[in-house]
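Order of the sequence lines sets the chain letters (A, B, ...), proteins ahead of strands, with each chain counted from 1.
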Amino acid sequence: MGTNEKEFVKEITPRNEDFSQWYLDIVLKSEMMDYAPVKGCMAIRPYGYAIWENIQQLLDRRIKATGHENAYFPLFIPESLLQKEAEHVEGFAPEVAWVTHGGGEKLTERLVVRPTSEAIICQMYSRWIQSWRDLPLLINQWCNVVRWEKNTRPFLRTSEFLWQEGHTVHCTEVEAEEEALKMLGVYKEFAETELAIPVISGLKSEREKFAGAMRTYTIEALMADGRALQAGTSHNLGQHFAKVFDIQFLDKDDELKYPWQTSWGVSTRLIGALIMVHGDDRGLKLPPRVAPLQIVVVPIFTKKGREEVLQKAKEITALLGENFRVKLDEREGYSPGWKFNEWEMKGVPLRLEIGPKDLQNDGVTAVRRETGEKSFIPEKVLAERIPELLEEIQGELLRQAQQFREEKTHLVSDYTEFKRILEEERGFLLTHWCGDPSCEENIKEETKSTIRCLPFEVSGKISKTGPCVRCGKEEGAPVYFARAY
RNA sequence: CGGGGUGUAGCGCAGUUUGGCAGCGCGCUUGCUUCGGGAGCAAGAGGCCGCGGGUUCGAAUCCCGCCACUCCGACCA
């Protein structure tokens, strides 16, 4: 690899030459999406949507395992409902889409297309909750939302996107806080186990928190260009929404109380993260757990042995098809080399080549996408070896991503050094911050970096308190800074 | 929303300066020969030149307006 890289992947801009273009080339050429005729909107094509379906399945399982049920709420929200929570409406007002007409007539009250569903869900919750026995109420919704974005990028920021949003209601502040943290933990475990994306979890600063929340928690991932991406959030909404939407319950002590709420979500942005964390100059590298295809079988035809090769390839595809997402690429008119490049671009984790030599040796040649490593697997041990290999690939992708993140995480206390790193190396900057919003604001203006989070754990990498990187005031808390998407 | 760039066949582009038959490469279709890292030959198909208006005998080309994509800012859970 390396020297003739360009030769193999003519269709993709090299990652180091132009990261943005590289990303766009990949999402288009791998047929994950295509631009739709509405600004900032995309069609998610089967190859991209299959990843989303796998994400949904793997995450939905976890959401249900933690006691939540799925439900569905309306796409449209009456203007008056959205406006009930002042901070919330202020946060979303610039980016909502309005419905002003229906059936050819002007509506008496405008509707917003949901940018998030707190308002409409709280409205319904106020009717469903009367007693402490109704709590906790643990509901999740898979849906689309619309935010009229000015600067869009496929999967990372689109005018319409798909996500899940959990909305829970609890008797006490302690329970709500536990819930918000529990779901953030679910996201972290999910991202690392299934997506092979290591994340840092922590608390958002006041400036960066969700409009209307009391506290926002986040998982932050580092992309291959050294920029951070918020991969999931979880909010402790406090009682703000309960108060304005009049959600009350009669507690065991016979007192009428406002409950405590949370909301949490991850979106199709995770697909963008997969691309930017794992991809290389040849294209996608998908973790086996979420890859639409885990294995592609490429038969190597020759004049004489054609039928035998195809027969064996079909046999092996059928065998593996019982337990894995596998495809036999028996297309005519494409050379094996062409197919290799095509499936590598599409990020299929494992390729099995079956040719005359393999037939002779009673096995297949296996090639790992993430390392390019070739090995021969005797047919006898195929059924045991394949799952092991896929797990190794999954693990290796996580290991590579972790290693990259470690290399790109800079412990820094000097502001000049802080600025130099952002200019020259990027990545996460772990430092101290006094907590003053004006320091945060100044740093943003001077360096274009933002506080990604106040991490839960720093495990000895940095002292528990230290002087603020900007103003030098003592007793600053550890924070991660980065330029972000 | 401000500044720059781009829009011509599925993709990448030339043609626009100086108005005059719609072009090239790749891909696609069909056939034959091939096939262990993007095969070869032959014959084909494919165009509201982003959209709308204007100037002109005549517009991909000149003028006005709009839209989309893209990069950089601003904004953004």
When both hydrogen-bonding distances must be under 3.5 Å and the geometry is Watson-Crick or G-U wobble, what is [N] paired with, if anything?
N	answer
B:U55	none
B:G7	B:C67
B:G44	B:C28
B:G19	none
B:G37	none

Using the [atom1] atom on both, measure [N] against [M] and round to a whole Å.
N	M	atom1	value
B:A45	B:G40	P	22 Å
B:A22	B:G58	P	16 Å
B:U16	B:G7	P	13 Å
B:C24	B:C63	C1'	30 Å
B:G46	B:A9	C1'	6 Å
B:C69	B:U30	C1'	36 Å
B:A60	B:G52	P	13 Å
B:G12	B:C28	P	16 Å

Practice item. Check every atom of B:G38, B:C69, B:U34 against the side chain of A:Tyr35 and return the nucleotide holding the closest atom. Key: B:C69
Review point. Between the side chains of A:Tyr125 and A:Gln261, is a donor N or O closer than 3.5 angstrom to an acceptor N or O?
Key: no
Practice item. Would you please say whether a donor-acceptor pair under 3.5 Å links the side chains of A:Thr371 and A:Glu396? Key: no
**Study point:** Among A:Leu59, A:Thr233, A:Thr218, side chain to side chain contact (heavy atoms under 4.5 Å, CB included) partner for A:Tyr187
**Key:** A:Leu59
Exercise for review: Report the relative orientation of the aromatic rings in A:Trp264 and A:His68; use parallel for angles under 30°, tilted for 30 to 60°, perpendicular for over 60°.
Suggested key: perpendicular
**Study point:** Parallel, tilted or perpendicular: rings of A:Phe241 and A:Phe245 (30°, 60°)
**Key:** parallel
Practice item. Return no unless some side-chain N or O of A:Lys303 is found under 4.0 Å from OP1 or OP2 of B:C35. Key: no
Review point. Can A:His167 and A:Phe73 be said to form a ring pair (Phe, Tyr, Trp, His ring centres under 6.0 Å), step by step?
Key: CA-CA 11 Å; A:His167 293 270; A:Phe73 296 87; 7.5 Å; no
Just the atom pairs and distances: protein N or O near nucleotides 71-74 of chain B's N or O, under 3.5 Å.
{"from": "B:A74", "atom 1": "N6", "to": "A:Asn151", "atom 2": "ND2", "distance (Å)": "3.3"}

Review point. Over how many whole Å does the gap from A:Trp338 atom CH2 to B:G38 atom P extend?
Key: 13 Å
Study note, to complete from the structure: Whole-Å distance, A:Glu95 CD to B:C1 C1', equals 14 Å
